[in-house]
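This is the structure I want to talk about, given as structure tokens.
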Number of protein chains: 2
Amino acid sequence: MSPITPGSRTSPPQPGNLTLLSTDPAASRGGRATGATRRPAEDAFAADGRSTRWADHREARRAELVRIARRTVHHQGPDVSMEEIASAAGTSKSIVYRYFADKTGLQIAVAEAVVLQIQGALEGVLRVAPTPREGLRAMVAVYLEMIESSPHVYAFVTRNGSVESGGPLGHFLDSVTALVAAPFARGLTETSDDGRRTARRPEAEPADATSARIALAESWAAGAVGFVRGAGEWWLAHRDEPGSPDREELTVQVAAWLWAGPVGLLARERRTDDAHPPTEAGTQTSTAHTSTTQEDR
Amino acid sequence: MSPITPGSRTSPPQPGNLTLLSTDPAASRGGRATGATRRPAEDAFAADGRSTRWADHREARRAELVRIARRTVHHQGPDVSMEEIASAAGTSKSIVYRYFADKTGLQIAVAEAVVLQIQGALEGVLRVAPTPREGLRAMVAVYLEMIESSPHVYAFVTRNGSVESGGPLGHFLDSVTALVAAPFARGLTETSDDGRRTARRPEAEPADATSARIALAESWAAGAVGFVRGAGEWWLAHRDEPGSPDREELTVQVAAWLWAGPVGLLARERRTDDAHPPTEAGTQTSTAHTSTTQEDR
DNA sequence: CCACAGTACCTGATACCTTCGGTTCCGTGA
DNA sequence: TCACGGAACCGAAGGTATCAGGTACTGTGG
């Protein structure tokens, strides 16, 4: 492959922002020299053209590498080495390492691309049928479609390389969780389950209650994503066995479960008791206290 | 540590069978010389004393290594190398590799130990309060207790090394899923949600309907485990933030969600419609068909 | 105003280091 | 003779260093 000269201005610098969910601290691992730190455009000094001239080229090249990595993973499986990816890109490892700090950086970049695509698909569906019920079903559908259409990329993106990558889940699942939590948290405050606004708690809510409600939404979202993940991976492994549902059946089933669970429960308890915090502690709160693990023996 | 000579008969050879869920194909990876293949007791030849002499020593040593590995992971984190584990055991890598085929074999063995422990704790709780509702709560509680008391071991056991390890989930999650699916599948056929027997479909059910019901139970179990996993890992990462619930609150919440979801849904639809398959396809079945991923571009 | 030297950055390659999973070999002891 | 146990060894993979180019921007002298 001939070297891409910066003057050629090959492709437009990739749609929207790749920094979705940039609040994540480890997102900075994505690229070592993305330019956000040393771009002199906002600097006091005038922009040195020798520095700025590579900006869009870098972006394009990086996106290209992400694309190639994704394709390679799709074909070769999630265990591809960096050398394989580099040679698939017609270059050598050092180039890849120039754009991504390490392998998890590349993984994060691929995950961001996939999340962006999921987000797009989701928005497309929701623009057609914007009921919350349908939104949930669309999320499940999109997730399962993705998992089926490219299980290798899914595995690559889902896998968490080491512990020290911020959260315990990979960034992909984190992003998806945030994607799911946002409308749910909104619905938790504003809308009822039939889509009509009810103006719950319009004002004068203590701050800790707010954060508790947000935490509630996030924990549910994490669990819901986990549910879809678990059911999806189970299905991926068992879908050839007799009696296993096909994707659409599973989609409907999982969406129904999730819908009947938290959303319906919240709607029900809101209908009956509003001041009561939504822990639904109807049963006793005594934990098992079985002291399950004694690792230190 | 002094070498354990085979005649010493140190510890009893670990309670019950370690071959829990031995239907799993990759469970044979657990140990290269566990004896299932070359134990001469069932062989045509008479038991050679020189061979049988080591049998219990092997078992004890293996269990000891599992214990040490677990302890080491608990302290050093899930990224310990085999050499670290070996030196923690006061020996060298080759010994470890004599008892475990590879690192995932060791991982599986540790996972089996943990699952065994979870199972024991679960049975203890259920012997006290054997209602299904309480069973679900106990499962969630045990899982979250484990995840909290030793996140490193949890991470070690949960992580799936490569793709070619049978299922996409690690054996730990597979085992836990089976653990959860079993009572649920039983309850799906026999008991109602209030614990009274209803004798549903006593006979003359087509075989495919049976397998479909089993698949339904398993998919729900996989999803439920995923839900607990997702919520638990989210909680592990966010529990220090304001508004986050403590473990007991989360336990109650998650159990309520899961209970209200599938179990309540099944109970509800059983109450209304029995012949109708439990997909609850009240809404339209048209999938999104957004064709989310095009990896091959 | 313009050519030329210098500079800043990129590309691509090869060799190298380190870590770690896994294997081989050999001595030893019951 | 058999298994044990240690230590050296191997190969793969992530990641780094350094090299030789190459191209466009910048400044300065004629």
Side-chain angles (χ1 to χ4, degrees), chain A residues 1-10 29 31-35 38-40 45-62 64-65 69 76-87 89-107 161-162, chain B residues 1-8 29 32-33 35 38-40 47-62 64-65 69 76 78-87 89-107 161-162 165:
Chain A
M1 178 179 293
S2 65
I4 302 175
T5 60
S8 62
R9 309 291 167 94
T10 54
R29 196 203 292 259
R32 155 193 296 161
T34 319
R38 66 167 87 168
R39 176 165 306 163
F45 293 71
D48 190 347
R50 288 168 294 187
S51 300
T52 57
R53 116 189 118 111
W54 297 97
D56 52 348
H57 169 248
R58 297 182 70 88
E59 229 170 321
R61 189 86 206 263
R62 187 182 151 91
E64 172 84 3
L65 285 175
Q76 310 279 118
D79 290 326
V80 283
S81 66
M82 291 298 262
E83 221 149 61
E84 283 175 296
I85 292 174
S87 75
T91 178
S92 153
K93 261 200 301 182
S94 60
I95 299 302
V96 180
Y97 277 104
R98 197 159 303 170
Y99 286 93
F100 305 96
D102 49 9
K103 200 173 189 180
T104 63
L106 176 62
Q107 180 206 350
S162 283
Chain B
M1 177 182 294
S2 67
I4 302 174
T5 59
S8 63
R29 195 204 294 257
R32 156 194 293 161
R38 69 164 88 168
R39 175 167 304 163
D48 190 345
R50 286 168 299 187
S51 301
T52 58
R53 178 176 55 160
W54 299 96
D56 52 348
H57 168 248
R58 297 183 71 88
E59 230 168 322
R61 190 82 208 264
R62 185 181 153 92
E64 173 81 3
L65 286 176
Q76 310 280 119
D79 290 327
V80 283
S81 66
M82 291 298 263
E83 220 149 62
E84 283 174 296
I85 291 174
S87 76
T91 179
S92 156
K93 263 199 301 182
S94 62
I95 301 304
V96 180
Y97 276 104
R98 204 180 302 265
Y99 288 93
F100 306 96
D102 50 11
K103 198 173 190 180
T104 65
L106 176 62
Q107 180 205 352
S162 284
S165 61

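Each chain gets a letter, A, B and so on, in the order the sequences are listed, and its residues count up from 1.
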Item to complete: Taking all heavy atoms of A/Ser92 and all of A/Ala86, pick out the closest pair and write down the distance.
Response: C-CB, 3.5 Å

Practice prompt. Could you work out which one of C/dG21, C/dG22, C/dT11 sits closest to the side chain of A/Arg61?
Written response: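 In terms of side-chain proximity for A/Arg61, the closest of C/dG21, C/dG22, C/dT11 is C/dT11.
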
Practice prompt. Identify the heavy atoms of A/Asp102 and A/Tyr97 that sit nearest to each other, and give their distance.
Written response: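 In this case the closest contact between A/Asp102 and A/Tyr97 is CA-CE2, 3.9 Å.
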
Fill in: Between D/dA8 (C1') and B/Tyr97 (OH): distance, integer Å
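From B/Tyr97 OH to D/dA8 C1': 16 Å.
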
With the criterion being N/O to N/O and under 3.5 Å, what pairs connect the protein with nucleotides 13-18 of chain C, and how long is each?
{"unit_1": "C/dA13", "atom_1": "N7", "unit_2": "A/Ser94", "atom_2": "OG", "d": "3.3"}

Response to the item:
side-chain contact (heavy atoms from CB on, under 4.5 Å) filter on B/Val80, not counting sequence neighbours, yields B/Thr72, B/Val73, B/Gln76, B/Glu84, B/Ile85

Item to complete: Take the protein atom CD of A/Glu84 and the nucleotide atom P of D/dA12, then report the distance between them rounded to whole Å.
Response: 12 Å

Fill in: Where DNA chain D forms stems, i.e. three or more consecutive Watson-Crick or G-U pairs with both distances under 3.5 Å
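Paired runs of 3+ in DNA chain D: C:1-30 with D:1-30.
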
Worksheet item: Which heavy atom of A/Tyr99 sits nearest a heavy atom of A/Arg62, and at what distance?
Response: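 In terms of heavy atoms, the two residues are closest at O-NH1, 2.9 Å.
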
Discussion item. Expressed as a whole number of angstroms, how long is the span from A/Arg62:CZ to C/dT11:C1'?
Written reply: 18 Å

Fill in: Whole-Å distance separating the NZ atom of A/Lys103 from the C1' atom of D/dG15
12 Å

Worksheet, complete the sentence: To the nearest 0.5 Å, atom CG of B/Leu65 lies from atom CG of B/Leu106 at 8.0 Å

Item to complete: Could you pull out all residues at least two apart from B/Lys103 that satisfy salt bridge (Lys or Arg N to Asp or Glu O under 4.0 Å)?
Response: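 Per chain and number, B/Lys103 pairs via salt bridge (Lys or Arg N to Asp or Glu O under 4.0 Å) with no residue.
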
Fill in: Distance (rounded to the nearest 0.5 Å) between B/Arg61 CZ and B/Thr91 OG1
5.5 Å

Worksheet item: For A/Gln107 and D/dG15, what is the distance between atoms CD and P respectively, to the nearest whole Å?
Response: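 One finds 11 Å between P of D/dG15 and CD of A/Gln107, rounded.
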
